[in-house]
Trainee: 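Sharing a structure with you now.
Everything numeric in this text was worked out from a predicted model, so none of it was measured. In listed order, ligands and their atoms are each counted from 1.
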Amino acid sequence: MPIVSPGFHGRPRPAVELPPGQYLTEDFPVLSAGPTPRVPLDTWEFTITTEAGRVHRWSWREMLNLPAESVTADIHCVTRWSKLGTRWRGVSLDTLMSGVDTAADFAMVHSHGGYTTNLPLEDLLDGQAWLAYRYDGEDLPAEHGGPARLLVPHLYFWKSAKWVSGIELLLDDEPGFWETLGYHDYGDPWREQRYQGD
Ligand SMILES: Nc1nc2c(c(=O)[nH]1)N[C@H]1C(S)=C(S)[C@@H](COP(=O)(O)O)O[C@H]1N2
Ligand SMILES: [Mo]
């Protein structure tokens, strides 16, 4: 039974709720650990490689023919900026994974330029992750990961690999680029999992 004093309607809530330690930004900062790769669409492909070595491949045209979804999401960078209500369009990882037979529990995401990031496979499924190629009604700009990036908004934004080239499914977890350098293996902004040990 909650104890409620008469006339008490709770303390005023802030208009928006941010994960701990985050501040709001209106602009869209660019964070890249290297130069922006230029990925031509005629040779672009996205692959999902299973732990058994089976490769599932989509050309740009094949990917665009898959059902797309519009997504509005809040994004949270470990450098403490958060941006609310960002608007994307892309293909759900559920769609891409629907024909993939795997026993893997983990995924390593690979990008053009060599960036990698790891996450549990279940965090890519159930409407939680997209291969995004439009931002705010426009083609995704190269500095933000175009032609296509991963979008996994429920984890810190370093998990949303820009210029994504493929996903490798793994039976055992392995650290990606920032995870090797001391960032948290999972990276839940609401639990403030910035660094290993948080
Ligand atoms: N390939 C690649 N993906 C990346 C990064 C990167 O350096 N290379 N930086 C990550 C980090 S730390 C963040 S916060 C976001 C930044 O995305 P933005 O530049 O579109 O804001 O991309 C993530 N994805
Ligand atoms: Mo970041």
Side-chain angles (χ1 to χ4, degrees), residues 18-41 43-49 60 63 70-91 93 96 106-120 123-124 128-168 174-198:
L18 289 177
Q22 296 294 111
Y23 67 87
L24 261 188
T25 183
E26 291 298 326
D27 57 359
F28 194 174
V30 172
L31 277 101
S32 305
T36 296
R38 302 289 157 171
V39 189
L41 296 184
T43 54
W44 183 95
E45 64 170 24
F46 179 76
T47 59
I48 296 179
T49 307
W60 183 254
M63 191 274 290
S70 292
V71 182
T72 300
D74 304 339
I75 54 179
H76 312 289
C77 174
V78 74
T79 63
R80 299 183 182 275
W81 58 265
S82 289
K83 185 169 174 62
L84 303 183
T86 60
R87 293 168 57 244
W88 307 83
R89 192 159 175 82
V91 178
L93 263 290
L96 292 160
F106 300 96
M108 182 69 78
V109 186
H110 293 265
S111 294
H112 294 277
Y115 186 87
T116 55
T117 189
N118 61 298
L119 64 181
D123 286 82
L124 290 175
Q128 298 186 93
W130 295 267
L131 179 62
Y133 54 85
R134 305 265 297 167
Y135 175 74
D136 215 12
E138 314 267 0
D139 290 344
L140 181 61
E143 68 268 24
H144 287 301
R149 77 181 296 166
L150 196 68
L151 175 67
V152 195
H154 72 288
L155 299 176
Y156 279 124
F157 208 36
W158 88 77
K159 301 284 184 181
S160 293
K162 305 199 280 189
W163 318 295
V164 68
S165 59
I167 294 178
E168 187 190 354
E174 286 174 24
F177 176 77
W178 285 117
E179 295 83 4
T180 303
L181 293 171
Y183 284 83
H184 200 276
D185 196 60
Y186 185 61
D188 179 351
W190 296 96
R191 288 187 276 168
E192 208 167 0
Q193 295 173 333
R194 297 176 193 276
Y195 310 107
Q196 303 290 345
D198 283 350

Trainee: Establish, from distance only, whether the side-chain atoms of R89 and S70 form a donor-acceptor pair under 3.5 Å.
Mentor: yes

Trainee: Enter the distance from W158:CH2 to L119:CG here, rounded to the nearest 0.5 Å.
Mentor: 11.0 Å

Trainee: Under the 3.5 angstrom rule, does the side chain of N118 hit a backbone N or O of M108 as a donor-acceptor pair?
Mentor: no

Trainee: Testing L151, I75, V71 for side chain to side chain contact (heavy atoms under 4.5 Å, CB included) with T86, which one passes?
Mentor: I75

Trainee: Return a yes/no value for W178: is any of its N or O atoms, backbone included, closer than 3.5 angstrom to an N or O of ligand 1?
Mentor: no

Trainee: Just jot down the ligand 1 atoms closer than 4.0 angstrom to any heavy atom of V30, in number order.
Mentor: 19 (O)

Trainee: Backbone, side chain, both or neither: what part of W163 comes under 4.0 angstrom of ligand 1, heavy atoms only?
Mentor: side chain

Trainee: Have a look at H110, K162, H144, K159 and point out the one with the heavy atom closest to atom 19 (O) of ligand 1.
Mentor: K162

Trainee: With distance as the sole test, does E179 use its side chain to make a donor-acceptor pair with the main-chain N or O of H184 at under 3.5 Å?
Mentor: no

Trainee: For the 3.5 Å polar cut-off, considering only N or O atoms, please tell me whether H112 and ligand 1 meet it.
Mentor: no

Trainee: Record the part of Y183 in heavy-atom contact with ligand 1 below 4.0 Å; permitted values are side chain, backbone, both and neither.
Mentor: neither

Trainee: Using the side chain to side chain contact (heavy atoms under 4.5 Å, CB included) rule, pick out the option among L131, L96, L93 that qualifies with I167.
Mentor: L93

Trainee: Can you tell me the protein heavy atom closest to atom 23 (C) of ligand 1 and the distance?
Mentor: F157 O, 3.4 Å

Trainee: Could you check whether S82 and H76, counting side-chain N and O atoms only, form a donor-acceptor pair closer than 3.5 Å?
Mentor: yes

Trainee: Please report which non-hydrogen protein atom sits nearest to atom 9 (N) of ligand 1, along with the residue it belongs to and the distance in Å to one decimal place.
Mentor: L31 O, 3.2 Å

Trainee: Would you call the rings of F177 and Y115 parallel, tilted or perpendicular, where under 30° means parallel and over 60° means perpendicular?
Mentor: tilted

Trainee: Would a distance-only check, ignoring hydrogens and angles, find a side-chain to backbone donor-acceptor pair under 3.5 Å from K162 to L31?
Mentor: yes

Trainee: Distance under 4.0 Å to a non-hydrogen atom of W81: what atoms of ligand 1 satisfy this?
Mentor: 21 (O)

Trainee: Give the C-alpha distance, both sets of side-chain angles, the deciding distance and a yes or no for ring-ring contact (aromatic ring centres under 6.0 Å, His included) between F28 and Y135.
Mentor: CA-CA 11 Å; F28 194 174; Y135 175 74; 4.9 Å; yes

Trainee: Nearest protein heavy-atom contact for atom 22 (O) of ligand 1: which residue, which atom, what distance?
Mentor: R149 NH2, 3.2 Å

Trainee: Quick check on G113 - does any of its heavy atoms sit under 4.0 Å from an atom of ligand 1?
Mentor: no

Trainee: Go through ligand 1 atom by atom and flag the ones less than 4.0 Å from a non-hydrogen atom of S111.
Mentor: 1 (N)

Trainee: Within ligand 1, which atoms have a heavy atom of C77 less than 4.0 Å away?
Mentor: 14 (S)

Trainee: With a cut-off of 4.0 Å, which atoms of ligand 1 are near a heavy atom of S160?
Mentor: 22 (O), 23 (C), 24 (N)

Trainee: Looking at A33, which atoms of ligand 1 are within less than 4.0 Å of one of its heavy atoms?
Mentor: 6 (C), 7 (O)

Trainee: Please work out, at 4.0 Å between heavy atoms, whether the side chain, the backbone, both, or neither of W158 comes within that distance of ligand 1.
Mentor: both

Trainee: Are the charged groups of K83 and D74 less than 4.0 angstrom apart, N to O?
Mentor: no

Trainee: If you count the atoms of ligand 1 from 1 in the order shown, which ones are under 4.0 Å from a heavy atom of A161?
Mentor: 3 (N), 24 (N)

Trainee: Ligand 1 and P29, any nitrogen or oxygen pair closer than 3.5 angstrom?
Mentor: yes

